[in-house]
Every structure is written in C-alpha cells, then in structure tokens.
Amino acid sequence: MSTVFLTRLWQLVSSVSVRTKILGMVLGLVLMLGLGVTVQVRAILTQTMDVQLEEQSISVARDLAARATDLLLINDLYTLQQLLKETQANNANVRYAFVVDSNGQVVAHTFGGGFPLTLLAQNTAQPGDHHHLAILETDEGKVWDSAVPIFEGRAGVARVGLAETRVRQVVDAVTGQLLITTVMVSILGITAAAFLTWVLTRPILQLARAAQAVGQGDLTQRVPRWANDEIGDLAE
C-alpha cells in the first residue's frame, strides 16, 4: 500500500507547476518549523510554570503556618483571619487559604460564600510531614494544594491552594505571539518564494514556448539569455 500511496503522491506533485512546487515547499517548511517551535515552547513553558506553582504553593503554605502558630496558641482568630486575607492579597495565584485547628475544625478561611467541607478531605498533613502537596481538579482548572503542619501538627494545619488560571493565561499569550510570528514569517516566506519562482520560471517558460514553436516547425524563435547561469547557457 505504501508503494501505491507514494506513486499517487508523486503523480499529484509532478502534475503541478514549478511555481506551485516552490511555493508549497517554502510554505510547508515555514509552517512546520513555526508550529514545531510553538508546540515545543508551550510544552517547556507549561512544565516550568507547573514547577514554579508547586514551589510557590509550598513556600506560601509554610510561611502561613509559621506566622499562624502564635495566633492559634493564643486563640487570636481575628488576626488569623486578617493574615489569611493578607496572604491571598499578596499572592495573585492564591485561590484560597484556610487553617484547621488540632481538632480538625476550620477556624479561619478566605471563602466568601462559606467553606466547602468537601475540601477538607482532599489533602492533609501528618505531624511529622514537611508538607503534603495534592493537585486538585476543579471547575476552574488545576489547583496546587499544599498542607503544612502548624507547630509540628500540635496546633493544626495550614492549607493553601494556588490556581493555574494566571499561568495558563501567560502560556496562552506566549503561544498566541508565536503563532502570530509564524503567520508573519509565512507571509514573508511566500513573498520571497513568489519572487524566486518568478525569477526561475520566467526563462523556463520562454524556453518551453520556444521549444513548442520549434516542434511545430517555426525555427525563427529566439530566446534571450536571461542570466549567466545554467538556464542562461541552455537558452543560448
């Protein structure tokens, strides 16, 4: 089947003009290169951003746990609530933050419409853990949820969730810029290829018309020397 396919492909390619062949090759190479680079850059950027989200989630959760220790021990829940709001305001990627006491009760959180109880079971940290990370699938996309014990787990657990929304916006913006660049380069490539085909095919077309005339018995046909190259030698 491969032989039949290659034969049909060659018949299709050989049936078009030289100008179409050159334009097709240039456009095909530009598109393959542009799309290949775009896919590769998007994959690398996404992977890098995911690693940064993971590191940021752990860092913010550990900082929150350290600052919340004294507030939990003295039961200053108002200041603890302000600390959570400050943490969310100072970190654009933070989707939510909350603190659970040693009895497993939520004592402060950043959810305005009420705390979703199902979130408690999605992630937790044991007293001896440095942290515990879970990637949660939500309606808004993935969330990097980090749980860090407070005062070695004796005072509770701090939880911070970082959303990927802003990261995906950055990745999509970079991808869009690369696609626009690919289109611009394709336009320039087509323009250059069109000029190249005009330079190459004009003397060839003159030779073809002269050969047809000679084949019909008209020996008065003359072809001017177009350039000092192989086509010029053939014309002469």
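The structure displayed is predicted, hence computed values, not measured ones.
Looking only at side-chain heavy atoms (C-beta outward), I190 and V26 stay at 4.5 Å or farther from each other. Side-chain atoms of Y78 and D76, non-hydrogen and from C-beta on, do get closer than 4.5 Å to each other. Residues Y96 and L119 form a side-chain contact, since some pair of their non-hydrogen atoms from C-beta on lies under 4.5 Å apart. Residues E164 and E140 have side chains not in contact (no heavy-atom distance under 4.5 Å, counting atoms from C-beta outward). At least one side-chain heavy atom of L133 sits less than 4.5 Å from a side-chain heavy atom of E54.
With V100 as the fixed residue, the side-chain contact (heavy atoms from CB on, under 4.5 Å) test singles out one of V106, V107, I150: V106.
Nearest heavy-atom pair across A147 and V157 is CB-CG1, 3.9 Å. The minimum heavy-atom distance between V148 and A61, with the atom names listed, is CG2-CB, 3.6 Å. Heavy atoms only, all atoms of each residue included: P149 and H130 are closest at CD-O, 4.1 Å. Looking at every heavy atom in both residues, N91 comes nearest to T87 through ND2-O, 2.8 Å.
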Discussion item. The test is side chain to side chain donor-acceptor pair (under 3.5 Å); show your working for D145 and Q122 and say whether it passes.
Written reply: CA-CA 9 Å; D145 186 299; Q122 300 296 319; over 6 Å; no
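The distance from atom CG of N123 to atom OG of S146, rounded to the nearest 0.5 Å, is 7.5 Å.
Salt bridge annotation for D63-R67: present, with a cationic side-chain nitrogen under 4.0 angstrom from a carboxylate oxygen. A salt bridge links D172 with R42; the closest basic N to acidic carboxylate O contact falls under 4.0 Å.
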